[in-house]
Undergrad: 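Mind having a look at this structure? Questions to follow.
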Amino acid sequence: MNTDIPKHYDPSREDEIYTRWLEKGYFRASVNPDKKPYTIMIPPPNVTDKLHVGHAFNNTIQDALIRAKRMQGYEALWVPGTDHAAIATEVQVVKALAKEGISKKDLGREAFLARVWEWNDLYGGTIIGQQKKLGISCDWERERFTMDENLSDAVLETFERLYNEGKIYRGERLVNWCVTCQTTISDSEIEHEDGEGTLYHFKYPFTDGSGYITFATTRPETMLGDTAIAVHPEDERYANHLGKSVNVPLFGDKNPREIPLVKDTYVDPEYGTGAVKVTPAHDPNDFEIGERHNLPRVNIMNDDGTINENGGKYEGLPREEARVKIIKDMEALGLFIKEEKITHAKGTHDRCHKIVEPLIKLQWFVRMDELAKPALEVYNTNKVRFHRERYGRIYKHWLEIVRDWCISRQIWWGHRIPAYYCPSGHVTVSKTAPEQCAACGSASLTQDEDTLDTWFSSGIWPFSTLGWPQKTPELDYFYPTNTMVTAKEIIFNWVVRMVFMGLKFMDEIPFTDVLIHGTVLDANGKKMSKSLGNGIDPLEVVEKYGADVLRLAFLNGTAIENDTRFHWERVEFCRNFMNKLWNAARFVLMHTQDTPREVSPNNAEPEVTLLTSAPPATPAPSTRIIPVEDRWILSRVNHLTREVTEKFDSHDLGMATQKIVDFLWDEFCDWYVEIVKVRLRDEEEKPHALATLVRVFTTCLKLLHPVTPFITEDLFLALQTDEETIMRAPWPLYDPALPDPAAEKAMETLKEAVRGIRNIRAEKQVPPAQKITIRIQPNDKDAEDLFTQAKAFLALLCNASEVTLTPHNQPPAANENAVSLVVPSATLHLPLASLIDADKEKARLQKERKRLTQELERIDAKLSNEGYLSKAPANLIAAEREKRESYAAMLNKVENELKGTVN
RNA sequence: GGGAGCAUAGCUCAGUUGGGAGAGCGCAUGCCUUACAAGCAUGAUGCCGUUGGUUCAAGUCCAUCUGUUCCCACCA
């Protein structure tokens, strides 16, 4: 007996179940020519990350997909792994060192990297253990790390090949330079803070003596590097001056610097004077204007922040002093107009909080034009599909405006650029350190100090993880992969790069489908962040409620492509549902465990064991009449199977989940289980009822398994012994022989009757314990059969002591003091003598008459509309006509009842 | 500035090719009905942001406006 099954669902068994899965090797996938592969590459989290809600959401989606595919008979591979997260990790280690008073420079490259590896061993990889708590079914034996030997080799190979093809080049580029720390810093290390600044207004004289042009700047010292003045092409104020040049008057009369007036749409004519000084070497926007107009780049600053030889008489001055002096000099020349205080965004280094200087340095680039074309092509030809489609537009847009990709980073943690320089300045690129310079044979080579952008290695993740550049069987079998599941903010950082890298090196797309999901926000719709302290720790949720509940909370009813708020109420609902499921199983087990599993041999009803394997078979011919509720629930679960499968296929996990949850709670628990209780008390009927019960329930467990893997496994194992895991049990299949519209319609009528009676009971305040009697007057023979069959459970569901039927061909019984309820195929009478108030009863019927009349009016309006009749689909019109008939019949009955009450 | 969303019940959100507005929570009322009070039953609540357009038919498609969010790039 089942007294030992606890009343409440307890998720603490999850770890035990997971361990068993690992031991049994259920997550493993291997090259298997007999099966079709289905592959997902995990977006590798940063190796030092802790699992946050975003990971949990992302991983849950992938696991649901992979589990469904595995059950559907695919060789389902999910490759896990981590990313070395170049900058993020380096920053953390540098910070840790700073606490010890050590700087990166003090330590030197080799020792520093040793520390990073140490750090990695210590803090890295905890996320893997945390992911396992989610129950995700990655093939852990294939876990990869972007700094693994093989993957590093793949990175260098990629670099070398692109370089040899001329797709990688060196070029000048502005980088963020910290004068204090003497280092370049990445964008993510810059803090933008609004601060007070001064906007200085100056004028430069036209060289032809025709006046002045006025402009403003917050950084007067960069005037030393000005190589143009720009105005908007359509700015009429400067129409007469186009083609002229101006003089930068800071270099004395001996070395006047003449710079052109250029027109560029970057300039906002509404802002200020509409004229902008252009300093390509010290400002990112100016850099681009310079590119467009082939302007020289005059670098005026040394690495220590002092003015260099290009600064004329200002050479050697620190930038701040140069600024002051330049302002004075301009004033002396009568070219200073005014200064004003403004607030503006300042970029400062997040560690020393000093202003960051944009400086020109030599960097490595990937030439994008040729690489981008095929990536656009596969999008335009629908070979790579985005879900939702709108996200594809982001991808497309980015590729259309793509610029060359700067891949060098001035940090140490990462894949060091395999470029070697000889004293004469020749460059040798080779994945293995060359003995000598390829150009001059010099043996004294130094390797480039920079490392590669993290995205360079993650761009080849879909194939480097499968062994590339080696031609492995895995690569052959699992590539291209199927679904890439990731967040929208890295569509261009990552998705785009995987596509063109895949096309370049594998000659094939890396994946066919890109599933973009939204962000999990806090309950107020804010992004979760450390500084706000509004983050939800997914592990805390797992600890308290179990992974199943967390996963269900992520998926149930959510449109995963949208941002979604995290609500504890939602978590509680999911916990409640787990409990519901648990108790439904308890109910089933309670009856299976004291019943022999064998059903009588001549019985046509499918055996309990059937449920776990093949799709439900069509019942063989039998003299036994299958009860309407069984026909109904089988038809419904069959329908559910199709819907859920379709939703999974279209990546609509939220709807798939909700359909299962709703079915289980509403149709299965609230109706079928209640109905079937009657037959479970009948020795003869019990095995049949139980068979259907188990069959439907098991089907649901399978459908739900991808979302809540633990509880479904637990219950599945309790319900059957034929299979050792639900994970590899076959996915339920839609059976075209099962739909039973007649049974569904009949059950709707019965449900309507039950609800109507319950409603009357509540309205009339019949005490819950008080039994009532129901007299049913069916409209026809079919209805008579239906209600005869349903008598017993109607009595149970309505708490009636007696349900009687008037044969359909007999005239209605004499009017009695009863409440009447009209449903499509019958009229039900509830003699409630003591509780009936004739006036109220009349009012109730009148209300019903009004409702039916309105419905009829609505339908009639439609059916008398020429346009509707000629253009609406025939099946819709037929359905309306059918409805009309039904409503008309019901209205007729109600009228009769009213006549009865009136007298 | 470029790009992409969102606006539906008190709250949080579903609503897949256009065809009679849904769920959960909350609320009201009554129930410990032997699977489940983490439950059951019954009930109330919506000019589907504005204004136009297409259509026999619009929450759904198009345009407009208003409010709002995110991503990228930035303010000389």
Side-chain angles (χ1 to χ4, degrees), chain A residues 2 5 7-9 192 199 215-219 222 230 266-268 271-279 283-286 289 342 344-345 388 390-391 393-394 396-398 401 487-493 518-519 521 523 525-527 556-559 561-570 572-591 646-647 650 652 654-655 658 661-662 666 669-670 673-674 677 754-755 758-763 765-769 796-797 799 855 858-859 862 865-873 876-877 879-880 883:
Chain A
N2 290 278
I5 300 181
K7 211 165 151 183
H8 282 174
Y9 164 64
H192 292 278
L199 185 63
F215 60 90
T217 179
T218 52
R219 295 188 298 162
T222 62
Y266 164 76
V267 183
D268 177 5
Y271 189 94
T273 60
V276 182
K277 69 193 256 327
V278 184
T279 323
D283 181 280
N285 290 310
D286 293 7
I289 297 176
I342 54 162
H344 66 141
R388 298 285 184 111
R390 67 175 188 250
Y391 290 118
R393 293 201 283 273
I394 296 178
K396 182 169 184 241
H397 179 254
W398 195 85
I401 60 165
K488 58 180 177 251
E489 57 264 26
I490 54 175
I491 290 176
F492 20 77
N493 271 339
T519 311
L521 307 170
K526 290 230 166 62
K527 232 179 160 169
N556 187 33
T558 52
E561 70 274 16
N562 292 341
D563 290 350
T564 162
R565 300 187 191 192
F566 186 94
H567 286 282
W568 286 102
E569 293 84 355
R570 200 183 185 117
E572 296 223 336
F573 169 76
C574 293
R575 187 269 315 262
N576 293 354
F577 175 70
M578 290 290 97
N579 195 49
K580 188 76 182 171
L581 192 63
W582 181 258
N583 277 292
R586 240 167 51 115
F587 176 80
V588 176
L589 287 168
M590 194 175 180
H591 293 93
E646 280 171 4
K647 296 296 173 198
S650 60
D652 198 351
M655 193 50 89
Q658 192 174 35
V661 169
D662 286 351
D666 180 32
C669 287
D670 287 349
V673 165
E674 293 304 320
K677 278 177 179 172
V754 170
R755 276 193 291 251
R758 284 170 170 171
N759 173 289
I760 289 166
R761 286 189 65 123
E763 226 172 69
Q765 297 180 328
V766 179
L796 183 72
L797 266 47
N799 196 20
E855 292 289 2
R858 188 187 59 77
I859 293 177
K862 243 183 182 180
N865 181 334
E866 284 290 327
Y868 178 78
L869 289 176
S870 59
K871 292 186 180 169
L876 253 168
I877 298 174
E880 288 293 323
K883 269 188 255 172

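Every heavy atom of this structure was used, including side-chain atoms; hydrogens, water molecules and symmetry mates were not. Lettering follows sequence order; numbering is per chain, from 1.
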Undergrad: When we call it a touch if two heavy atoms are under 4.0 Å apart, what does A/A872 touch: a base, just sugar-phosphate, or nothing?
TA: base
Undergrad: Polar-atom pairs under 3.5 Å, protein N or O versus N or O of nucleotides 3-5 of chain B: list them with distances, or write none.
TA:
from : atom 1 : to     : atom 2 : distance (Å)
B/G5 : OP1    : A/R393 : NH2    : 2.2

Undergrad: Ignoring the backbone of A/R758, work out which of B/U42, B/G15, B/A38 is nearest its side chain.
TA: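 Nearest to the side chain of A/R758 among the choices is B/U42.
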Undergrad: Specify the residue among A/L199 and A/V754 whose closest nucleotide of RNA chain B lies further upstream toward the 5′ end.
TA: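 Mapping each residue to its closest nucleotide by heavy atoms, the 5'-most match is A/V754.
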Undergrad: Between A/F587 (CZ) and B/C40 (P), how many Å, whole number?
TA: 14 Å
Undergrad: Ignoring the backbone of A/F492, work out which of B/C71, B/C36, B/U42 is nearest its side chain.
TA: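 Closest nucleotide to the A/F492 side chain: B/C71.
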Undergrad: Have a look at A/D286 and say if it touches a base, only the backbone sugar-phosphate, or nothing, with a 4.0 Å heavy-atom cut-off.
TA: nothing
Undergrad: Indicate, with a heavy-atom threshold strictly under 4.0 Å, whether A/V673 touches base, sugar-phosphate, or nothing.
TA: base
Undergrad: Which residues pass the side-chain contact (heavy atoms from CB on, under 4.5 Å) test with A/E674, sequence neighbours left out?
TA: A/K677, A/L797
Undergrad: List the residues meeting side-chain contact (heavy atoms from CB on, under 4.5 Å) with A/L199, not counting sequence neighbours, and say none if there are none.
TA: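 With neighbours one apart ignored, the set is A/H201, A/A216, A/T218, A/E340, A/I342.
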Undergrad: Side-chain contact, heavy-atom cut-off 4.5 Å: A/E572 with A/R575?
TA: yes
Undergrad: Using Watson-Crick or G-U wobble pairs with both distances under 3.5 Å, give me RNA chain B in dot-bracket, 5' to 3', with [ ] for crossers and | for pairs to another strand.
TA: (((((((..((((.....[..)))).(((((.......))))).....(.(((..]....))).))))))))....
Undergrad: Using whole Å, what does the distance between atom P of nucleotide B/G43 and atom CD1 of A/I760 come to?
TA: 11 Å
Undergrad: Where the side chain of A/E489 is defined as all heavy atoms beyond and including C-beta, which of B/G19, B/U16, B/C71 is the nearest nucleotide?
TA: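 The listed nucleotide nearest to A/E489's side chain is B/C71.
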Undergrad: Pick the P atom in B/U29 and in B/U12, then give their distance to the nearest Å.
TA: 25 Å
Undergrad: For A/N759, which contact category applies under a 4.0 Å heavy-atom criterion: base, sugar-phosphate, or nothing?
TA: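 The answer is sugar-phosphate, as A/N759 gets under 4.0 Å only of primed atoms, P, OP1 or OP2.
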Undergrad: Does A/E674 get its side chain close enough to the base of B/A41, under 3.5 Å, for a donor-acceptor pair?
TA: no
Undergrad: Heavy-atom nearest nucleotide on RNA chain B for A/E880 versus A/A584: which residue maps closer to 5'?
TA: A/E880
Undergrad: With sequence neighbours excluded, tell me which residues meet side chain to side chain donor-acceptor pair (under 3.5 Å) with A/K526.
TA: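 Per chain and number, A/K526 pairs via side chain to side chain donor-acceptor pair (under 3.5 Å) with no residue.
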Undergrad: Sequence neighbours left out, what passes ring pair (Phe, Tyr, Trp, His ring centres under 6.0 Å) with A/F587? Give chain and number order.
TA: A/H591
Undergrad: Does a side-chain N-to-carboxylate-O contact under 4.0 Å join A/R388 and A/D652?
TA: no
Undergrad: Expressed in angstrom and rounded to an integer, what is the separation of A/E561 atom CD from B/C70 atom C1'?
TA: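 In whole Å, B/C70 C1' and A/E561 CD are 15 Å from each other.
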Undergrad: Quantified in whole Å, what is the P atom distance between nucleotide B/A9 and nucleotide B/G46?
TA: 10 Å
Undergrad: So, using side-chain contact (heavy atoms from CB on, under 4.5 Å) as the criterion, who are the partners of A/D666 when residues are at least two apart?
TA: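 Per chain and number, A/D666 pairs via side-chain contact (heavy atoms from CB on, under 4.5 Å) with A/D670, A/W671.
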Undergrad: Please give the distance between the P atoms of B/C13 and B/A4 as a whole number of Å.
TA: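 That atom pair is separated by 23 Å.
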Undergrad: Which nucleotide in the list B/C75, B/G19, B/A35 gets nearest to the side chain of A/L876?
TA: B/G19
Undergrad: Between B/C70, B/C36, B/U16, spot the one nearest the side chain of A/K488, thanks.
TA: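 Nearest to the side-chain atoms of A/K488, counting from C-beta on, is B/C70.
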Undergrad: Any side-chain N or O of A/K7 less than 4.0 Å from the OP1 or OP2 oxygen of B/A38?
TA: no
Undergrad: Look at the side chain of A/K580 and the base of B/C36, then say whether one donor and one acceptor between them are separated by less than 3.5 Å.
TA: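 Side chain to base: pair found, below 3.5 Å.
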Undergrad: To the nearest Å, give me how far apart CZ (A/R858) and C1' (B/G19) are.
TA: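 It works out to 10 Å between those atoms.
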Undergrad: Sequence neighbours excluded, which residues qualify as side chain to side chain donor-acceptor pair (under 3.5 Å) partners of A/R390?
TA: A/N562
Undergrad: Apply salt bridge (charged side-chain N to carboxylate O under 4.0 Å, His left out) to A/K527 and list each qualifying residue two or more places apart in sequence or on a separate chain.
TA: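 Salt bridge (charged side-chain N to carboxylate O under 4.0 Å, His left out) list for A/K527, sorted by chain: empty.
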Undergrad: Go through the steps to decide whether A/D563 and A/K488 satisfy the test salt bridge (Lys or Arg N to Asp or Glu O under 4.0 Å), and finish with yes or no.
TA: CA-CA 10 Å; A/D563 290 350; A/K488 58 180 177 251; 2.8 Å; yes
Undergrad: So A/T279 and A/R219, do their side chains get closer than 4.5 Å, heavy atoms only?
TA: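 A/R219 does not reach A/T279 side chain to side chain.
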Undergrad: Any base atoms under 4.0 Å from A/M578, or only sugar-phosphate, or nothing? Heavy atoms, all strands.
TA: nothing
Undergrad: What pair of heavy atoms forms the shortest contact from A/V278 to A/A230, and how long is it?
TA: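 Taking A/V278 first and A/A230 second, the nearest heavy atoms are CG2-CB, 3.7 Å.
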Undergrad: Say you pick atom P in B/G24 and the same atom in B/U17; how far apart are they, in whole Å?
TA: 24 Å
Undergrad: When the P atoms of B/U16 and B/G5 are considered, how many whole Å apart are they?
TA: 16 Å
Undergrad: Give the rounded distance in Å between these two atoms: CG of A/D670 and P of B/U42.
TA: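 My rounded result for the distance is 9 Å.
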Undergrad: Write down the distance separating the C1' atoms in B/C72 and B/U8, rounded off to the nearest Å.
TA: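 Per the computed distance, 31 Å lies between those C1' atoms.
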Undergrad: List the protein contact pattern of nucleotides 23-34 of chain B with one symbol per nucleotide (5' to 3'): B for base contact, S for sugar-phosphate-only contact, - for none; contact means a heavy-atom distance under 4.0 Å.
TA: -S-----S----
Undergrad: Take the protein atom CH2 of A/W398 and the nucleotide atom P of B/C70, then report the distance between them rounded to whole Å.
TA: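 Checked: the CH2 to P distance equals 23 Å.
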Undergrad: In whole Å, I'd like the distance from the NZ atom of A/K527 to the P atom of B/U68.
TA: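 Value for this atom pair: 20 Å.
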Undergrad: Taking atom C1' in both B/G3 and B/C74, compute the distance separating them and give it to the nearest angstrom.
TA: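 B/G3 and B/C74 have their C1' atoms separated by 15 Å.
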Undergrad: How would you label the contact of A/H567 with the nucleic acid (heavy atoms, under 4.0 Å): base, sugar-phosphate, or nothing?
TA: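 The residue A/H567 makes sugar-phosphate contact but no base contact.
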Undergrad: Find the distance A/I289:CD1 to B/C74:P and express it as a whole number of Å.
TA: 13 Å
Undergrad: Less than 4.5 Å apart, side chain to side chain, heavy atoms only: is that true for A/L869 and A/K862?
TA: no
Undergrad: Taking B/A63 as the reference, what is the distance to B/U54 when you measure between their P atoms (whole Å, please)?
TA: 15 Å
Undergrad: List the residues meeting salt bridge (charged side-chain N to carboxylate O under 4.0 Å, His left out) with A/K7, not counting sequence neighbours, and say none if there are none.
TA: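 Residues passing salt bridge (charged side-chain N to carboxylate O under 4.0 Å, His left out) with A/K7: none at all.
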Undergrad: Identify which nucleotide among B/G43, B/U12, B/G15 has an atom closest to any side-chain atom of A/R565, counting heavy atoms from C-beta outward.
TA: B/U12
Undergrad: For A/T279, report the nucleic acid contact type (base, sugar-phosphate, nothing); a contact means any heavy atom under 4.0 Å.
TA: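 A/T279: no heavy atom of the nucleic acid under 4.0 Å.
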Undergrad: For A/Y868, give me all partners under ring pair (Phe, Tyr, Trp, His ring centres under 6.0 Å), at least two apart in sequence or on another chain.
TA: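 With neighbours one apart ignored, the set is empty.
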